[in-house]
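What follows is a single structure, written as C-alpha cells, with notes after it.
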Amino acid sequence: MANTRPREAQYNGEEGVVKLYLRGRPLNLYVPTPLRETYSPTGPSPAPPAKLKLEWVYGYRGRDCRNNVYQLPTGEIVYFVAAVVVLYNVEEQMQRHYLGHTDDIKCLAVHPNKLIIATGQTAGHDRRDARPHIRVWDSVSLHTLHVLGISDIERSVACLAFSKADGGNLLVAVDEAPDHNMSVWDWSRGERGYKLLETKCSADQVLAVDFSPMDRSTIITCGKNHISFWSYDSGMLAKRTGIFENRERPKYVTSISFTDTGNVISGDSNGNLLIWHRGGNTVDKMVRGAHEGPVFSILVQKDGTIITGGKDGNIVEWDRDLERTGNVMQVPDQYGPPRVVTSGRGSQLVIGTIRNCVLEGTFTFDMRPVMQGHTEELWGLAPHPSHHQFLTAGYDRTCYLWDTMAHTIVWSKDIGEPAQSAAFSNNGDVVIIGTTSGRWLVMDAETREMYSQHQDGNEPIQVLKFSPNGQYLAVGSRDNHIYMYQVSEDNRRYTRMGRCQGHSSFVTHVDWSTDSQFLQSNSGDYELLYWNAGLSRQIVQTSQMRDVEWATSSCTLTFNTLGIWPEGADGTDVNTCTRANNNSVLVTGDDFGKVKVFSNPACFQKARCLEYGGHSSHVTAVSFIHDDSRLISTGGRDTAVMQWAVTSTPTSSSSQH
C-alpha cells in the first residue's frame, strides 16, 4: 500500500530533483551531479558504520521526585534522571546504567537485601510501547527480573516501597490516576508478578508510601491533606486516617519514616515533625518548627538518631527523643534545598537536592557535589573545537563547561536570562550564548569575562554558527531572519553586515559551505533556503547549489538527510542532526527521546539506523566532540546531558579517518 501514499519521495531524473513530502507539502531537493544518473530514493542504504554506548549521564532528577537516592553495598549511589537509572561509584569515577525504561522514571525503591531495585515510570509518547509500569531488576547484573503493572497502572507510578518485616516479599505502588490507586504485589511470582489487591488510596496527591519495618501488615501513605495508616489482612486493606486533633492540620504531609522502635514519624509542609502511636492513628509527640517550611526527608539511622532535611536548606540531626543534637548543616544556596537525605559510606550523608544535584558530606566536613545538572529545559550545546570539552546552556540561565574525560564541570556561569543556543569560536577562545530574548553574549571561554552583548530582534536566538574561515558569524532567530556579522581577528568584536530575509517561519538550522561563501538554512515550515553570505542575499536558483560542499550537516531537511525522516513524519519530529567530523556518520535526535545513528549521507528513504533510548523528553541537540570519540546529546525537559562512546562497526573499517 505504501506506494500509493502521496508522501513517497519522487525523483525527476531530467531535472535531478527529488520531491520529499512533509505533511503534504513538497520540498525540492537537488541531487549532486555525480549521483544524478543512478539515483533512486528507494535505493539500498548502507548499515551505520558506528555504534554508541552510553558512557556517562550528567544530571539527576530531584526537582520533583523524592526518596530517589540510595547508597548500595557495591559502593555505588543509585538515582535516576530521564529514563536512565544511574549507578555511580564516586570513588572509582565509574557509572553503570540500567536502561530498561522507555520514559520518565518517577520513583525508586531498594529491597531490604540491598541488591534488588524497583523503579516506576510514567506513560510515554508511544502509548503502545511506553505504558506506565514497574521494573524489578538486579543491581549487580542489571538484568530485569520482573515487569509489573503494564495494564494496571494509570498515568504514572508515583511512589513505591518493598515490605521490610517479612524480608521484602511484597511491593506496594501508588499511581497518579485521579483516585491514586494503591496496589500490593507479590512481585517475584512469575515474570509479571502477581497483584494481590488494589484499592483507591486518596483523591489527593500521594507523595510517599512505606511498609512498617516491624508490623508485617502495616502500610503508611502520606500526601496532600492526609496521612493514612493501612492494615493488610487476608486480602483486604483497612484504612485509618491520621487524626491531628487540635494541632494545626498541614496542607501536605511531605515525608514519613519509622523510628527504631517502630513508630511512624512524619514531616509536613508547616515544618513540624510528629511521632504517631505505634499501631494507631493518633499523635504521640510533636516538634513544632523543626524546619522553616516543608520537611522533605526523614532519615532514621541505625543507632536511632534521626536526620531531617527541609526546604529551608537545613539538614538537622535529632536524638531518638526528637531533641536536637546540635548538629546542623546548611546546604549552599547554589545546590538548592535537600530533597532526600540518605546514609552514605561511613558517617557520610548523601543528599539529593531540588536543583538536581547529588552531594556528599558530613556534619563536620563540607559538602561536595558529586553530580550537578541543569534544572530547566535544555537546548544549547556546543563542543569545544580542540579539547575534550563541551558547553551546555539552558532555560535555567546557567551555562556549564563539561570535561568529557574527567566527567566534571570545568566552570559554570549564571548569565541572568534563559539561554537557547551556544557556540565556540573556531579557536575555542570565545563562547557565544544566544538567549530567549534576542540578546547574545560574547565571553571569554576561560575567564568567563563578558566582552560584549548584542541584540537582534526580541525573539529567541535559535542558532549561532561561525564560518569555517572564522571571519563571519550567522545568527538565526525565531523572528525568521538570519543576522550576518563580521568577526574581528581576536573573535571579540562583531560588526553587523546584513540580514538574510526570506524565511516565512522561524529559523531552525544553519550550515556554512566549506569555502565560507554560502549558507543553507531550514525553518519551522520545512523550507530549505540558500544564501550568499557576503551579500546576505537569498539564492533563488537553488539548482545551482546542488554540488556545494557543506562544512557541517545540522540542517535536517537536505538531500543528505532525506533518509532520516520516518514515514508519515510531520517535519518537526527530528529536532537535531549532526555529522561526525570524519563525515562517515550522521546522528539525529527526535521528539520520541531517541538518538539515531545513520550512515552519512542518508539520502535514501527509510535509511537503516541504530536507535538508542535514555532520554525521556525530546532530544534537543546532538554533537560529536572534536575527535569523534564521543557523542553528546541533550534532553529538553528531562534536563539530562548524555555522553556516548562511539565505536566503529566492523564493516566500516575502511571508512574510518
Side-chain angles (χ1 to χ4, degrees), residues 63 334 336 355-356 373-382 390-401 411-425 430-445 447-466 472-488 491-510 519 521-525 531 536 554 572 575-576 617-621 623 634-639 641:
R63 188 178 69 244
Q334 74 206 74
R355 287 188 61 81
N356 294 350
H374 283 281
T375 55
E376 288 180 53
E377 197 162 331
L378 181 58
W379 284 85
L381 170 66
F390 64 92
L391 185 100
T392 56
Y395 288 179
D396 57 8
R397 306 165 176 218
T398 310
C399 303
Y400 289 110
L401 181 66
W411 55 251
S412 67
K413 169 108 175 147
D414 181 341
I415 62 156
E417 61 179 299
Q420 183 77 44
S421 51
F424 274 98
S425 62
V430 164
V431 167
I432 311 247
I433 307 291
T435 72
T436 55
S437 68
R439 279 193 334 143
W440 50 279
L441 321 170
V442 182
M443 68 183 188
D444 190 288
T447 66
R448 288 160 280 172
E449 181 194 342
M450 203 70 77
Y451 291 133
S452 61
Q453 298 184 21
H454 303 263
Q455 182 89 31
D456 283 309
N458 46 19
E459 296 199 45
I461 302 296
Q462 302 273 102
V463 54
L464 294 156
K465 254 315 179 7
F466 281 92
Y472 307 113
L473 173 70
V475 179
S477 166
R478 214 173 163 88
D479 71 4
N480 306 1
H481 302 317
I482 302 169
Y483 299 89
M484 302 300 297
Y485 282 81
Q486 199 155 13
V487 182
S488 67
N491 297 304
R492 294 185 187 187
R493 288 188 307 285
Y494 295 80
T495 316
R496 166 102 75 94
M497 298 167 15
R499 180 171 68 171
C500 299
Q501 286 175 275
H503 275 300
S504 52
S505 180
F506 56 94
V507 178
T508 52
H509 307 286
V510 170
L519 286 175
S521 57
N522 289 151
S523 68
D525 58 358
W531 312 87
S536 307
S554 54
T572 60
N575 299 309
T576 174
S617 170
H618 42 289
V619 180
T620 50
S623 198
T634 58
R637 289 191 199 99
D638 72 27
T639 71
V641 179

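Throughout, residue positions are numbered sequentially from 1 according to the sequence presented.
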Spell out, as yes or no, whether a donor-acceptor pair under 3.5 Å connects the side chain of R448 to the backbone of S412.
yes
More than 12 heavy atoms of other residues, nucleotides or ligands under 6.0 Å from CZ of R63: yes or no?
yes
Non-hydrogen side-chain atoms of F466 and I432 separated by less than 4.5 Å:
yes
Side chain proximity check, L381 to S623, heavy atoms < 4.5 angstrom:
yes
Would you check, one step at a time, whether the test side chain to side chain donor-acceptor pair (under 3.5 Å) holds for S536 with W531?
CA-CA 6 Å; S536 307; W531 312 87; over 6 Å; no
Taking only Lys NZ, Arg NE, NH1 and NH2, and the carboxylate oxygens of Asp or Glu, determine whether R637 and E377 approach each other closer than 4.0 Å.
yes
Got a sec, which residues hit salt bridge (charged side-chain N to carboxylate O under 4.0 Å, His left out) with R493, two or more places apart in sequence or on another chain?
D490
Can a donor-acceptor pair be found between the side chains of S504 and D525 at a distance below 3.5 Å?
yes
Verdict with reasoning, I433 to W440, per side chain to side chain contact (heavy atoms under 4.5 Å, CB included):
CA-CA 5 Å; I433 307 291; W440 50 279; over 6 Å; no
So, E459 and S477: side-chain donor and acceptor under 3.5 Å apart, yes or no?
no
Can we say D396 and R355 salt-bridge, meaning some charged N sits less than 4.0 Å from an Asp/Glu carboxylate O?
no
Show the nearest heavy-atom pair for residues A474 and V510, with the distance to one decimal.
CB-CG1, 4.3 Å
Determine whether the side chains of T392 and H374 contain a donor N or O and an acceptor N or O closer than 3.5 Å.
yes
How close do W411 and A445 get, counting heavy atoms only, and between which atoms?
NE1-O, 2.9 Å
Enter the distance from M497:CE to Q486:CD here, rounded to the nearest 0.5 Å.
6.0 Å
Interatomic distance, CG@N575 vs NE2@H618, rounded to 0.5 Å, equals 6.5 Å
Looking at V442, is its backbone amide N or carbonyl O close enough to the side chain of S452 to form a donor-acceptor pair, meaning the two atoms are under 3.5 Å apart?
no
State, to 0.1 Å, how close V431 and L391 come at their nearest heavy-atom pair, and which atoms those are.
CG1-CD2, 3.7 Å
Could you check whether any side-chain N or O of T639 sits under 3.5 Å from a backbone N or O of E376, counting only pairs where one atom can act as donor and the other as acceptor?
no
Would you say the side chain of S437 lies within less than 4.5 Å of the side chain of N458, judging by non-hydrogen atoms?
no
May I have the step-by-step check of side chain to side chain contact (heavy atoms under 4.5 Å, CB included) for V430 and Y451, ending in yes or no?
CA-CA 9 Å; V430 164; Y451 291 133; 4.1 Å; yes
Step-by-step side chain to side chain contact (heavy atoms under 4.5 Å, CB included) determination, F506 to D479:
CA-CA 6 Å; F506 56 94; D479 71 4; over 6 Å; no
Side chain T435, main chain A419, donor-acceptor under 3.5 Å
no
Check S505 against S523 and note the closest heavy-atom contact, atom names and distance.
O-CB, 3.8 Å
In Å and rounded to the nearest 0.5 Å, what is the CG to OG1 distance from D638 to T620?
8.0 Å
Do we get R499 above Y483's six-membered ring, with its NZ or CZ under 6.0 Å from the centre and within 45° of the axis?
no
So do T398 and I415 actually touch side chain to side chain, heavy atoms under 4.5 Å?
no
Shortest non-hydrogen contact from D456 to Y485?
OD2-OH, 2.8 Å
Can you tell me how far the OG1 atom of T495 sits from the CE atom of M484, to the nearest 0.5 Å?
13.0 Å
The test is side chain to side chain contact (heavy atoms under 4.5 Å, CB included); show your working for W379 and T634 and say whether it passes.
CA-CA 7 Å; W379 284 85; T634 58; over 6 Å; no
Look up atom CG in L464 and atom CZ in F424, then write down how far apart they are to the nearest 0.5 Å.
12.5 Å
Give a yes or no answer on whether the side chain of K413 reaches the backbone of C399 with a donor-acceptor pair at less than 3.5 Å.
no
T436 OG1 to Q462 CD distance, which is reported to the nearest 0.5 Å:
10.5 Å
